[in-house]
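Below is one structure, written out as structure tokens; comments come after it.
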2 protein chains.
Amino acid sequence: MYRSHNCGELNASNINTEVTLAGWVQKSRDKGFMNWVDLRDRYGITQLIFDESRTDKTVFELAKTLGREFVIQVKGTVIEREAKNKNIPTGEIEILVSELTILNSALTPPFTIEDETDGGEDIRMKYRYLDIRRNPVKNSLLFRHKVAMEVRKYLSDLDFCEVETPYLIKSTPEGARDFVVPSRMNEGQFYALPQSPQTFKQLLMVGGMDKYFQIVKCFRDEDLRADRQPEFTQIDCEMAFVEQEDILNVFEGLTRHLLKEIKGIEVDKFPRITYDYAMKTYGNDKPDIRFGMKFGELNEFAQHKEFPVFNSAELVVGIAVPGAGNYTRKEIDGLIDWVKRPQVGASGMVYVKCNEDGTFKSSVDKFYDNDDLAKWAKATEANLGDMIFVLSGPANKTRAQLSALRMELAARLGLRNPEEFAPLWVVDFPLLELDEESGRYHAMHHPFTSPKPEDMALLETEPGKVRANAYDMVLNGNEIGGGSIRIHDKATQQLMFKYLGFTEEEAKAQFGFLMDAFQFGAPPHGGLAFGLDRLVAILGGQETIRDFIAFPKNNSGRDVMIDAPSTIDESQLKELHIKIDSI
Amino acid sequence: MYRSHNCGELNASNINTEVTLAGWVQKSRDKGFMNWVDLRDRYGITQLIFDESRTDKTVFELAKTLGREFVIQVKGTVIEREAKNKNIPTGEIEILVSELTILNSALTPPFTIEDETDGGEDIRMKYRYLDIRRNPVKNSLLFRHKVAMEVRKYLSDLDFCEVETPYLIKSTPEGARDFVVPSRMNEGQFYALPQSPQTFKQLLMVGGMDKYFQIVKCFRDEDLRADRQPEFTQIDCEMAFVEQEDILNVFEGLTRHLLKEIKGIEVDKFPRITYDYAMKTYGNDKPDIRFGMKFGELNEFAQHKEFPVFNSAELVVGIAVPGAGNYTRKEIDGLIDWVKRPQVGASGMVYVKCNEDGTFKSSVDKFYDNDDLAKWAKATEANLGDMIFVLSGPANKTRAQLSALRMELAARLGLRNPEEFAPLWVVDFPLLELDEESGRYHAMHHPFTSPKPEDMALLETEPGKVRANAYDMVLNGNEIGGGSIRIHDKATQQLMFKYLGFTEEEAKAQFGFLMDAFQFGAPPHGGLAFGLDRLVAILGGQETIRDFIAFPKNNSGRDVMIDAPSTIDESQLKELHIKIDSI
């Protein structure tokens, strides 16, 4: 062993101990006759001292050659520091060095290894192994490990069994695009990497495994939106002989456990709201409920007056922004410009100031009197001193626009506190959603989701209205998990494939094994999956997942550190029976 | 919830309780007026009773329609069984059923769902979801989970951090054949699936992560020998600032912990033997030391006599088989035939019976007298009543043949007890091994393994003699783990690539990122990886890994259940910029 202690554990109780430490040179302060070096490892920083009068001359001179990020080993004595640093655990001591070995030298790193670095995203990704030396990244990886361990412990204690499902599976056109793997031994055939272990976990239920989970990598070959990765990690779970209520209780329990163990926060029973309620109240199926600003629908109070914009709108809807009644004209115009940006897409915005004296001042005073606006205030739950913003237009679009505004205002008002956690369940998702391009319905969750029995009759007539036994867990405005009670009989599954536009042959070719399995005694079952990357980022109080992934890819799906993907040998292609098809 | 209890937990203490159970019909015994059904779930079997005189008529009749593997839910009362079964935990009670719901019917399964099934390997793999219902498979998966949990717990408690490394990496021709993944976004380029996270774990050490582990899937596109899988699971580990001794101690500790926690077995400190000793003494670098039969080299005593076969041989070597002195001529001939099979390849075998009176009877009595044979007996540590078998020929081949015989005899003598565990370390592996076809040396472990400093000078002159800081953990004749202290400076790594026949350009193209990393302050580091599939199989007392993998592939790399690999759409190929290259 190169060390007797690590760089984070020595303190006043170790004074006069002989120790051996190893680590990286964080920085040195050379005062000529005295030279201090901060030695860093995963566990902390310990100050070394080389003193002309007390240190062997060779060692003293060698210490002067140390550059940043050199890897060294030192022997020495723990002594009391003169100028103590109360901010770090090792701040009361330093090491008077007697022996110094340079284990490895280092080129000057391309960015500073500090919490606040001077390196931009690109250079940090290229030298990710240096980036990981920085506390923010290192601590994120340690944090992720801690979360994963707690998840495993909790589920395992509840008799869940982690089962590894295969990575080389079968490509199915349903859902997102697959990554595929040419088979050398089976010419012209391909494996696919799993988008999720969905069918395998269902087969485990058919196999009687009863309570399954797996922390598992999944793959989607999609054009990458910001903060998405082609490979990502799921906490994948499934249970047999359960109803929706059981699933919600178990995984609410898991999340509550994580919040308590990891963050020390106790949360009450999670609110449960329906998808319809979420859309009407927050314009969003993953509402951030750390703050209010619930939607007030104003059709009743705003239409049939003289204002043609509202009269012709499908929906008029507003939110009351707390304490924003004193916004200046300039601030208001800024927000109007903000909602008119193409990313939001509103054509305009009406505002109503709720004065402290109970009167109102609005941009539509020409059309609405004080009594009218009082009704708006009531519908949006506005208080004296608030500002009401109102949008109008087609219902779905307008709700999405107002939701964007609500989130933006909450951010500006500091209402999105990353150390506050407001989880909830959104339930009763629609079974199908209309693809506007093709005019066809496809599964909102996936084709194995069971419809609510009482809505089955609507499948033929109003497919968009059929609700599913599907649910999402939402935390601070992010969907962190989602799942459903599955179909477990062949007849219903065949019906579902039919409604989704599969021919019988397609269904059999792609999912025949699952429907076969359903004939041999499939139990009722259901489950869900959490996105681990996102979950740890949110628990860690961060907006982006990237620092919680050791070696992430960029938005073109490249690993810029190892330079992958890359070309392969002609001979490899030949063995795999494929050719490059250049256009 | 479909049940109040599971099928493994009710006993006499629950008598008179109203319960709800759900599960599969294992079997029924219909006596006309009385009908017993064994209800099975993951946790056990509970007997249900339907009694003409006590059960509602509809329920009673419905029960008669139940087939094997039907999924049912029952309500009823726990009552004392008349004929108790002491062999199962629920054997004192049965459930007098009052309500019965058929949750799903089942076709007759293609093989019996029993511990000893009538289904062959192929049919069990096709219907793996039914196979998993059988105790031997189900319990193997639960056992695997338990082992994995203990591994994580042990390492995590020692401050190891599990870090997920990427699955979409870069293809390198070194080592086995890669599975590759065409990139849609980067025409003509490919990712590779990792054969191991080797370079990433080394980069984590450069990144200061200090103690890393990961239970991770790895991929090798090799022609499949028996009991190998194209995707397999490693417990992958790495530590910084350590020497070989530290690694051996930590992971010996892990294995000892597993043996204790999982098997309740305490083992002493593991023996450590060198590779050279292992080859000389067992003819094998993964010796099974649950039994003796160590090799005795006989050149000194057997050559320079009148027996030309031995005189011309590079090596004459024997083993003493305990208590086999009374083997008949037929048994001996059978063994001679066995070693002459092409799989073993010996050209003949000499035997020496060690009679109980201290005399010998051998197949070479013409050439050797009693005194000669006494020396052979001493060299092979033979006792009275043993049989000595002797092979001769080229040293390496002969050792391999005798090793095969040793293992075979041990199996026949019942010396390979699966519930006995004899772990050891084999150390000082050669750095390089000669590829007989190409006449070139390649890395025995991998190109990142560090040579022993004292052997460095031999690299130019006798490369085959250079020893590495490389070690294997061996358990019951299987290599369950292996690793090395790595090279951590660019100069040595470059030298190694040179000796392995890489041009500078090739080394840079494939491993430039690693050599770059070594310039920025790489610490001394090393590690190892365990094969989890094999480890759990051995701990589980089994010879094959297949039942410890939920969904294994067959020897052609196919998943016969889901029928993968399979063809993919023309449009998918087009998007990926590849064509099938039919010959």
Side-chain angles (χ1 to χ4, degrees), chain A residues 1-3 22 24 42 69 71 104 106-107 129 132-133 141-142 145 149 156 161-163 166-171 179 181 183-186 188-191 203 206-208 210 217 221 231 241 246 513 517 519-523 550-551 556-557 561-562 564-566 568 577-581, chain B residues 1-3 22 24 42 69 71 104 106-107 129 132-133 141-142 145 149 156 161-163 166-171 179 181 183-186 188-191 203 206-208 210 217 221 231 241 246 513 517 519-523 550-551 556-557 561-562 564-566 568 577-581:
Chain A
M1 192 67 91
Y2 282 79
R3 58 193 174 194
W24 287 264
R42 169 179 147 187
E69 301 306 315
V71 185
N104 221 335
L107 298 180
Y129 45 86
I132 292 172
R133 290 186 193 162
L141 296 179
L142 292 169
H145 168 63
M149 282 298 291
S156 195
C161 176
E162 184 162 18
V163 179
Y167 278 78
L168 296 173
I169 65 165
K170 182 169 168 165
S171 188
F179 282 105
V181 181
S183 165
R184 180 178 55 86
M185 291 203 264
N186 304 274
Q189 300 193 356
F190 293 78
Y191 301 99
L203 291 172
V206 177
D210 204 287
K217 273 280 176 79
D221 185 12
E231 50 177 301
F241 299 114
D246 306 309
F513 61 96
Q519 298 186 22
F520 288 103
F551 300 102
S556 319
M561 179 186 72
I562 62 170
S566 62
I568 61 176
H577 323 287
I578 56 171
K579 288 194 285 209
I580 305 295
D581 181 17
Chain B
M1 193 64 94
Y2 281 79
R3 58 192 174 196
W24 286 263
R42 171 179 145 187
E69 301 306 315
V71 185
N104 222 335
L107 298 181
Y129 44 87
I132 291 172
R133 289 186 194 163
L141 297 178
L142 292 168
H145 168 63
M149 282 298 292
S156 195
C161 177
E162 184 162 18
V163 179
Y167 279 78
L168 296 173
I169 65 166
K170 182 171 167 163
S171 188
F179 283 103
V181 181
S183 166
R184 183 178 53 86
M185 291 203 266
N186 305 273
Q189 300 193 358
F190 293 78
Y191 301 100
L203 292 172
V206 177
D210 205 292
K217 273 280 175 78
D221 185 12
E231 49 177 302
F241 300 114
D246 306 309
F513 61 94
Q519 298 185 315
F520 288 104
F551 300 101
S556 316
M561 180 186 68
I562 62 169
S566 61
I568 59 175
H577 322 286
I578 56 172
K579 287 194 286 210
I580 306 296
D581 182 15

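In this text, all values refer to a predicted model and were calculated from it rather than measured experimentally. Letters A, B, ... are given to chains in the order of the sequence lines, protein chains preceding strands, and every chain is numbered from 1.
Side-chain contact check for Met185(A) versus Pro565(B): every heavy-atom pair is 4.5 Å or farther apart.
Atom CG of residue Asn104(A) and atom CZ of residue Phe520(B) lie 12.0 Å apart, to the nearest 0.5 angstrom. Of the inter-residue distances, the one linking Asp581(B) atom CG with Asp581(A) atom CG reads 11.5 Å to the nearest 0.5 angstrom. Phe513(A) CZ to Ile562(B) CD1: the interatomic distance, rounded to the nearest 0.5 Å, is 5.5 Å. Atom CZ of Phe179(B) sits about 5.0 Å away from atom OH of Tyr191(A), to the nearest 0.5 Å.
Each of Ser556(B), Gly207(B), Ala550(B) has some count of heavy-atom pairs under 4.5 Å with chain A, and the biggest count is that of Gly207(B). By number of non-hydrogen pairs under 4.5 angstrom with chain A, the leading residue of Ala106(B), Ser566(B), Ala517(B), Pro523(B) is Ser566(B). Of the listed residues (Leu203(B), Leu168(B), Ile169(B)), the one with the most heavy-atom contacts under 4.5 Å to chain A is Leu168(B). Of all the listed residues (Ile578(A), Leu142(A), Ile132(A)), the one sharing the greatest number of non-hydrogen pairs under 4.5 Å with chain B is Ile578(A). The candidate with the highest count of non-hydrogen atom pairs below 4.5 Å against chain A, out of Glu231(B), Gln519(B), Glu69(B), is Glu231(B). In terms of non-hydrogen atom pairs under 4.5 Å with chain A, the most contact-rich of Ala564(B), Gly188(B), Ser171(B), Ala522(B) is Ala522(B).
The contact between Lys579(A) and chain B is made by backbone and side chain atoms together, counting heavy-atom distances below 4.5 Å. Only the side chain of Asn186(A) comes within less than 4.5 Å of a heavy atom of chain B; its backbone N, CA, C and O stay farther away. Both the backbone and the side chain of Val206(A) come within less than 4.5 Å of a heavy atom in chain B. For Met561(A), the parts sitting under 4.5 Å from any heavy atom of chain B are the backbone and the side chain alike. Proximity to chain A is limited to the side chain of Asp246(B), based on heavy atoms less than 4.5 angstrom apart.
Note on ring orientation: taking the six-membered ring where Trp is involved, the planes of Phe241(B) and Trp24(A) are perpendicular (angle over 60°, cut-offs 30° and 60°). Using the six-membered ring where Trp is involved, Tyr167(B) and Tyr167(A) have ring planes that are parallel, under 30° apart on the 30 and 60° scheme.
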Audit row: Phe190(B), Val181(A), side chain to side chain contact (heavy atoms under 4.5 Å, CB included) steps and yes/no: CA-CA 10 Å; Phe190(B) 293 78; Val181(A) 181; over 6 Å; no
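Here the shortest heavy-atom pairing between Gly208(B) and Arg133(A) reads N-CG, 4.4 Å.
Under the side chain to side chain contact (heavy atoms under 4.5 Å, CB included) criterion, Ser156(A) pairs with His145(B), Met149(B), sequence neighbours left out.
Here Arg3(B) pairs with Asp210(A) in a salt bridge; the nearest charged N to carboxylate O distance falls below 4.0 Å.
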